[in-house]
Each structure stands twice: as C-alpha cells, then as structure tokens.
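Worksheet for the structure shown next.
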Amino acid sequence: MIMRGGDVRHEKQTRVISALPSGAALAAAAALAAEALAAGKLAAFPTETVYGLGADASSGEAVAGIYAAKSRPAFNPLIAHVSSAEKARKLGIFNEDALKLAKAFWPGPLTLVVPICDECPVSDLARAGLPSLAIRVPAHPVAQAILEAFGRPVVAPSANRSGRISPTTAAHVLEELDGRCDIIVDGGPCAVGLESTIVSCLETPPRILRPGGVTLEELQSICPGTGIFSAEAAGADGGAEGDLLAPGMMASHYAPRARVRLNARDIHAGEAVLDFAGQLAHLVPAGAAHADLSPQGDLREAAARLFACLRALDAGAASTIAVAPVPATGLGAAINDRLKRAAAER
Ligand code: TXA
Ligand code: MG
C-alpha cells in the first residue's frame with residue numbers, strides 16, 4: 001500500500017497458489033501461507049463457509065493491513081481463527097454454554113463471542129477495543145492446515161471489499177482483492193457458502209448475533225434457551241445495545257451493483273431472476289439472465305450457491321435482480337438475512 005497526498009494506492013503483487021489436490025499441494029500451500037502470515041502479510045484462504053482474508057492476529061500492523069485492503073471501518077471487529085477448541089480456550093473465558101457449543105459444533109461454521117482473558121494475544125485493533133472476542137475453529141482442511149502451520153491465532157474477515165458480496169471461490173477473492181492481498185490459497189468452492197453463525201456467550205442464555213451455517217434449531221438442541229438478537233427490537237440502527245453486541249451488522253451488506261427486489265412473484269421487464277425451487281421458471285422472459293438457487297428446493301444447496309449466483313447475475317446488464325421467496329426455516333434464516341442486507345438501501 002502506498003500513500004500519496006492522502007491517497008491510498010493498493011499495489012501488492014497478488015499470488016494465487018493452488019492447495020488442490022490435498023496432500024503435497026495442500027501442505028506446500030499451507031506452509032507458504034503460514035510463512036506469509038509470519039512476515040506480517042495478508043493471506044486469503046478457504047474455510048467451509050466463505051474465503052477469509054487472514055493476518056497475524058497479534059500484530060497490530062498486519063491487522064491494520066486488513067482494514068486498509070477491505071476499506072473496512074475500524075469499529076468493526078474481526079474473528080480470531082484457531083485450529084482447535086483447546087487453542088480457543090486460551091484466548092477467552094468460556095462459560096458452560098460456550099463449552100457445550102464448542103464441543104458440539106467445532107470445528108465448523110460457528111463463531112463464539114466470549115470475554116477475553118488476561119493473556120489474550122489478539123491485538124486491540126482486531127477487537128475494535130472491545131473486552132470480548134469472536135473466535136472460530138473452521139473445519140476446512142486448508143484452513144486447518146494453515147492454522148496448524150502458523151500455530152497462532154489468525155484474524156480473518158470475509159475476503160471481499162467492505163459491504164460487498166462474500167467470496168466462495170478463489171476467483172471471487174481475486175476479483176475483490178487483486179493488488180490488495182499477498183497470497184490467495186485456492187482450495188475450491190466453499191461447501192457451506194454462508195458465513196458462520198455468530199453466537200454471543202456474554203449472556204445466559206446465548207444469543208445469535210448473525211444467522212449462518214449452524215441453524216437456530218441445531219443450537220437449541222444443545223442450549224435450549226438460545227435466542228436471536230434483533231437489531232430492529234433494539235432500535236432502528238441497533239441502538240446502543242446493537243452497537244455493542246453486533247458492531248458489524250450493517251443494514252446494507254453483501255451488496256451487488258444491481259438493485260435487489262425480494263419476494264418477487266412476477267418479473268418486470270429487464271430484470272435478472274434469482275429463483276428458488278423453480279417458482280418463477282415459467283415467468284422468465286426469453287433472453288433474461290436466470291439462476292435457480294436450488295431447483296429441488298434444498299436449502300443447503302441454495303446456501304452454497306447464493307453468493308456465486310448473486311455475483312453471476314450482477315455481472316450481466318440487468319439493473320435489478322428479482323429474487324423468489326425462500327423459506328425462512330433452518331438455513332433459510334441465514335439466506336434471508338443475507339438477501340435482506342443485499343436489498344437494503346445503500
Ligand atoms: O464464516 C465466517 O465467519 C467468515 C470466515 C472467513 O471465517 N468470517 C467472517 O468475518 O464472516 P467478517 O469479518 O466478515 O464478519 C465478522 C462479524 C462482523 O459482523 C463483526 O462485527 C462481528 O463478526 N464481530 C467480531 N467480533 C465481535 C465481537 N467481539 N462482538 C460482536 N460481534 C463481533
Ligand atoms: Mg464479511
């Protein structure tokens with residue numbers, strides 16, 4: 001990054017390394033990524049949710065590089081990633097609920113917010129000065145190998161520029177961050193496709209701050225009282241409580257260039273169409289760009305394809321994307337959350 005007269009210029013040589021197939025290629029890519037992280041560089045890598053943009057969590061300078069590369073507001077804290085629950089417990093204070101959730105869902109698409117402990121090495125900047133820390137143990141073999149090789153916590157937001165659609169392939173990361181990060185490790189498309197569920201264990205019972213890859217129903221099967229934090233209930237902008245609990249949950253996020261029109265039951269002239277279970281198939285005009293999140297109506301498949309479909313339709317000429325209704329149950333809660341933010345006024 002070069003600064004001239006207040007201008008920020010991003011001029012890194014971004015290198016894409018394949019971690020496929022697993023085995024020697026994976027080990028070599030993980031070693032290179034870990035080496036880059038140790039040198040204070042930025043390394044993007046796949047997790048089972050979305051690709052993350054990683055930096056050494058304990059280096060304020062490396063963390064500052066993430067905020068610059070993403071043009072991310074510094075009040076929005078980052079998730080610290082480690083390779084095991086045992087390592088996670090060295091970063092924060094886990095109450096009984098946090099221990100149960102960690103045991104049930106780690107490694108996996110769950111992030112727990114817990115109070116930091118005295119020895120927590122994660123930089124103040126990464127936590128946006130909060131006394132709490134968001135921690136995740138991802139299951140993806142490439143993320144696991146990099147975290148194991150590096151040995152210390154890695155902060156990793158989704159590897160997109162702030163406010164834009166999260167990346168689920170290495171090609172998406174390159175579109176977003178070419179010249180802004182040092183290494184992109186290609187591990188193929190992400191299986192879950194939506195970010196991790198963020199659960200605050202700062203209170204009892206725990207509360208979901210962001211719906212994601214682990215559903216409310218799954219969480220409640222382990223901690224029955226688990227609730228949902230609602231920014232609407234706390235005030236229009238999340239209120240003072242919202243600022244504190246979910247600092248990064250902006251109304252507009254995951255925003256394509258095109259406008260997004262939700263719960264479409266018809267199609268207007270010139271619109272691109274994002275369908276679910278073929279509901280709009282018979283209405284799509286000849287020549288209109290059209291994708292179906294899951295022709296069979298499978299929410300898991302829809303989640304995995306959501307961001308890639310939005311990106312593909314956004315690359316066409318349409319100025320609006322009409323989106324079919326998606327059921328709100330199970331993973332549908334997280335899909336609808338992302339669609340709502342993609343459609344929000346900017
Ligand atoms: O699936 C994921 O979680 C991906 C992969 C790469 O791990 N990461 C991700 O990070 O989605 P990011 O930075 O895009 O979203 C992290 C969210 C932000 O909304 C942030 O405000 C919130 O986590 N967060 C971080 N620390 C927090 C804290 N102490 N309390 C409440 N929310 C926190
Ligand atoms: Mg993000």
Side-chain angles (χ1 to χ4, degrees), residues 43-55 57 63 66-67 69-82 91-92 105-116 120 122-140 142-144 146-147 153-168 172-173 176-177 185 187 190-203 206-214 229 231 238 241-255 303 307 334 337-338 341-342:
F45 58 87
T47 79
E48 69 276 28
T49 59
V50 299
Y51 274 71
L53 177 63
V63 171
I66 285 188
Y67 286 96
K70 282 184 56 103
S71 308
R72 177 173 173 120
F75 58 78
N76 190 2
L78 304 172
I79 298 172
H81 297 67
V82 286
L91 306 178
F105 299 109
W106 277 350
L110 176 72
T111 294
L112 295 175
V113 175
V114 300
I116 47 168
C120 180
V122 175
S123 86
D124 207 51
L125 180 60
R127 292 185 287 102
L130 292 174
S132 60
L133 180 66
I135 312 176
R136 178 169 174 225
V137 178
H140 195 290
V142 174
Q144 273 286 331
I146 292 171
L147 293 171
V154 171
V155 279
S158 49
N160 50 279
R161 274 175 283 140
S162 188
R164 292 198 17 97
I165 303 171
S166 301
T168 53
H172 296 164
V173 180
E176 292 286 323
L177 297 175
V185 180
C190 303
V192 176
L194 293 175
E195 294 85 348
S196 60
T197 304
I198 303 181
V199 173
S200 170
C201 292
L202 301 178
E203 63 257 82
R207 270 202 289 181
I208 295 180
L209 303 183
R210 177 179 74 181
V214 176
F229 170 74
E241 194 193 20
D243 287 349
L244 193 68
L245 277 174
M249 294 306 282
M250 328 287 187
S252 170
H253 205 140
Y254 314 103
F307 290 142
D337 171 80
R338 304 305 188 269
R341 291 176 205 282

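Numbering of ligands and ligand atoms starts at 1, following listing order.
- Per-residue contacts place Leu209 under 4.0 angstrom from the following atoms of ligand 1 (heavy atoms of the residue considered): 31 (C).
- Atoms of ligand 1 found under 4.0 Å from any heavy atom of Ile198, numbered from 1 in the order shown, are 17 (C), 22 (C), 23 (O).
- Between Tyr51 and ligand 1, a contact under 3.5 Å exists for no N or O pair.
- Distance check, rounded to the nearest 0.5 Å: OG of Ser196 to CZ of Phe105 gives 13.0 Å.
- Counting only non-hydrogen atoms, the option in Pro73, Ala159, Gly52, Pro109 that gets closest to atom 6 (C) of ligand 1 is Gly52.
- Those atoms of ligand 1 with a heavy atom of Ser158 less than 4.0 angstrom away are 8 (N), 9 (C), 10 (O), 12 (P), 14 (O).
- Below 30°, between 30° and 60°, or above 60°: for Phe307 and Tyr254 the angle between ring planes is below 30°, a parallel geometry.
- For ligand 1, the atoms sitting less than 4.0 Å from at least one non-hydrogen atom of Glu195 are 1 (O), 2 (C), 11 (O), numbered in the order shown with element in parentheses.
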Practice problem: Step by step, work out the side-chain hydrogen bond (donor to acceptor under 3.5 Å, both in side chains) result for Ser166 and Arg338. | Solution: CA-CA 10 Å; Ser166 301; Arg338 304 305 188 269; over 6 Å; no
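- Within the set Ala156, Ser166, Ser196, the minimum heavy-atom distance to atom 8 (N) of ligand 1 is found for Ala156.
- Considering Lys70, Arg136, Arg210, Arg72 only, the shortest heavy-atom separation from atom 11 (O) of ligand 1 involves Arg210.
- Between atom NE2 of residue His81 and atom OG1 of residue Thr111 there is a gap of 6.0 Å, rounded to the nearest 0.5 Å.
- Here the CG-CG distance, from Leu130 to Asp124, works out to 9.0 Å after rounding to the nearest 0.5 Å.
- The shortest heavy-atom distance from His81 to ligand 1 is under 4.0 Å.
- Distance alone, capped at 3.5 Å, is enough to place a donor-acceptor pair between the Gln144 side chain and the Pro138 backbone.
- Rounded to the nearest 0.5 angstrom, Thr168 OG1 and Glu195 CD are separated by 10.0 Å.
- The distance from the Mg ion (ligand 2) to the nearest N/O/S atom of Asn160 is not under 2.8 Å.
- Every atom of ligand 1 is numbered from 1 in the order shown, and the set under 4.0 Å from a heavy atom of Leu130 is 28 (C), 29 (N).
- Closest of all the heavy-atom pairs between Pro46 and Val185 is CD-O, 3.3 Å.
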